[in-house]
There are 2 protein chains.
Amino acid sequence: MTAKNIDKSTEEKIITAARKVFTEKGYAATRTRDIAEVAGINLALLNYYFRSKEKLFDLIMMENLHQFMAVVKEIVNDQNTSLDKKLESIAANYIDLLTEQPNLPLFILTEMRHHPQKLVMNMDVKKTLQGSALMKQLAIAAKEGKGVAQHPLHLIMNLMGMIIFPFIASPILLAIGDINDNEFKQLMLERKKLIPIWIKAILKTS
Amino acid sequence: MTAKNIDKSTEEKIITAARKVFTEKGYAATRTRDIAEVAGINLALLNYYFRSKEKLFDLIMMENLHQFMAVVKEIVNDQNTSLDKKLESIAANYIDLLTEQPNLPLFILTEMRHHPQKLVMNMDVKKTLQGSALMKQLAIAAKEGKGVAQHPLHLIMNLMGMIIFPFIASPILLAIGDINDNEFKQLMLERKKLIPIWIKAILKTS
DNA sequence: GTCTATATTCTGATAGAC
DNA sequence: GTCTATCAGAATATAGAC
């Protein structure tokens, strides 16, 4: 039981522990015993509160998906901000989020692939993006480029790839670049400013 | 037992099945029974040939790492090709590889995080890249830009992110873009040409 | 609500016949 | 080499005392 657990209800302790363990190790590699231990409670209590490993996992999965979507939801449909501002907000907010929770993307991408049944998210992200202010602004920007407009998905792939990939691949990147965790965080800070610039440079090539 | 298994030795059948199941589901979610079933043989035979789940996994892990590294190894240290050509080769070769084996990156990134002990690769990729012809050419290109040279890791992150991320996130991207598998492959084909162009545009902003 | 003890199911691995 | 049957241990879940 860590200091964080003081003053928390048992249910909250279990959820906090489950969030940590599931998000780090994924569903299959997680044992309910690990969660109970991290929560500082007995294994039986976990089932008393949540009935099963799967039900507890579903809760964490929803939480994580929601957290991941929240960043983009509030930005994408703002009619009053420019494309530039939107790119800056998305990059900055995601990098802040992932710096705090670096395991989030690998968790979501892995579990989404392994349990496509649980994919409430697809429709969610689809609804959020399709016909949004951002997509319209992207289409306009693409046309203002040199010539052939690229498929808007290319932009999404580039933007999200540049933001998310470093966190997914951080162990390799730390090794390649001979840098430590703090230097990595510093690079991510730089990327908050750089990614929007790079994306705009890319838009001009189309 | 699929058609592919005809004319294969038992050992090869098991390896082929293990490659498929491990790479799709990861170590923890894979049951040796699944592998045996896909191989069309009995569970006992698996242990007869490979002694344990872990030993069989280690083999597949090595295979996959090797396959993933092979692409970059032969390109990165070629003294006779320009930076442009190297970028083009890396993008084209990786996109070809990942179109055939879309689960490769998620497998490697996940298992690498969960079993850092098995990380023969870190030193491997490090050795391959550090001081390579590619890194020198990148450093030169960065200096020829507008002003402040960025950390070379930024370029690696951007290049690999743009190449790999779409394959990792393909389920979401298919949903967002309302496209099917073939349209996705078409987009990936386009990216073979586009990514080098985009990377060069990014280099000019630094 | 919380614990200990136990039931139940699953899974990796082996024994032994052929 | 290959199979069936089975074991041993692990992991989820529950029973029942407090």
Side-chain angles (χ1 to χ4, degrees), chain A residues 1-63 107 110-111 114-115 117-118, chain B residues 1-63 107 110-111 114-115 117-118:
Chain A
M1 167 148 33
T2 64
K4 283 191 287 185
N5 276 335
I6 297 168
D7 291 338
K8 271 193 188 165
S9 75
T10 300
E11 194 176 346
E12 283 171 330
K13 282 189 229 169
I14 297 174
I15 293 180
T16 303
R19 188 182 301 125
K20 174 178 166 56
V21 180
F22 273 136
T23 307
E24 270 175 16
K25 314 214 292 182
Y27 180 80
T30 293
R31 294 173 309 157
T32 51
R33 281 169 163 76
D34 297 336
I35 298 176
E37 196 187 346
V38 172
I41 52 103
N42 190 278
L43 173 58
L45 264 185
L46 190 149
N47 286 289
Y48 173 76
Y49 277 96
F50 295 96
R51 293 257 316 156
S52 76
K53 176 185 179 181
E54 198 181 356
K55 283 194 171 50
L56 180 53
F57 174 79
D58 288 347
L59 180 70
I60 303 302
M61 179 75 163
M62 267 217 327
E63 262 194 28
F107 170 88
T110 303
E111 300 302 335
H114 294 4
H115 324 285
Q117 325 92 15
K118 301 197 194 295
Chain B
M1 166 142 38
T2 64
K4 282 191 287 186
N5 275 337
I6 297 167
D7 289 337
K8 272 192 188 163
S9 75
T10 301
E11 192 175 348
E12 283 171 331
K13 283 190 226 169
I14 296 173
I15 293 179
T16 303
R19 189 182 300 126
K20 173 178 167 57
V21 180
F22 274 135
T23 308
E24 270 175 16
K25 315 213 295 183
Y27 181 80
T30 293
R31 293 172 309 156
T32 51
R33 281 169 165 76
D34 298 335
I35 297 175
E37 196 187 345
V38 171
I41 51 103
N42 190 276
L43 172 58
L45 263 186
L46 191 148
N47 286 289
Y48 173 76
Y49 278 95
F50 295 96
R51 294 256 318 155
S52 75
K53 176 184 180 182
E54 198 181 356
K55 283 195 171 50
L56 180 52
F57 175 79
D58 288 347
L59 180 70
I60 303 300
M61 179 76 161
M62 264 215 332
E63 263 195 25
F107 170 88
T110 303
E111 300 302 335
H114 294 4
H115 325 283
Q117 323 93 16
K118 300 195 194 296

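In what follows, chains carry the letters A, B, and so on, assigned in the order in which the sequence lines appear, proteins first and then strands, with residues in each chain numbered from 1.
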Interatomic distance where CD1 belongs to A/I41 and C1' belongs to C/dT4 [whole Å]
14 Å
Take atom CG of A/L45 and atom C1' of C/dA5, then tell me their distance rounded to the nearest Å.
15 Å
When you check every protein heavy atom under 4.0 Å of nucleotides 13-18 of chain D, what one-letter string (B, S, -) results, 5' to 3'?
BBB---
Show every side-chain hydrogen bond (donor to acceptor under 3.5 Å, both in side chains) that has at least one partner inside residues 25-36 of chain B, sequence neighbours left out.
B/K25-B/D34, B/R31-B/D34
Working to the nearest 0.5 angstrom, can you tell me the gap between A/M61 CE and A/F107 CZ?
5.5 Å
Rounded to the nearest angstrom, tell me the gap between atom CZ in B/F50 and atom P in D/dT2.
12 Å
In whole angstroms, the gap separating P of C/dT2 from NZ of A/K8 amounts to 15 Å
Selection residues 7-26 of chain A - residue pairs positive for ring-ring contact (aromatic ring centres under 6.0 Å, His included), sequence neighbours left out:
A/F22-A/F57
Report the distance from atom CZ of A/R31 to atom C1' of C/dC10, rounded to the nearest whole Å.
15 Å
Whole angstrom value for the distance that separates C1' of C/dT14 from OH of B/Y49
17 Å
Going by side-chain hydrogen bond (donor to acceptor under 3.5 Å, both in side chains), name the pairs with one or both residues in residues 43-62 of chain A, residues two or more places apart or in two chains.
A/E54-A/K118, A/D58-A/K118
Protein-nucleotide distance (B/D34, atom CG; C/dA13, atom P), rounded to Å:
14 Å
Please list, chain by chain and in numerical order, all residues satisfying side-chain contact (heavy atoms from CB on, under 4.5 Å) with B/A44, sequence neighbours excluded.
B/N42
B/K13 atom NZ is separated from D/dG1 atom P, nearest whole Å, by 13 Å
Set of side chain to side chain donor-acceptor pair (under 3.5 Å) partners for B/E11, sequence neighbours left out:
none
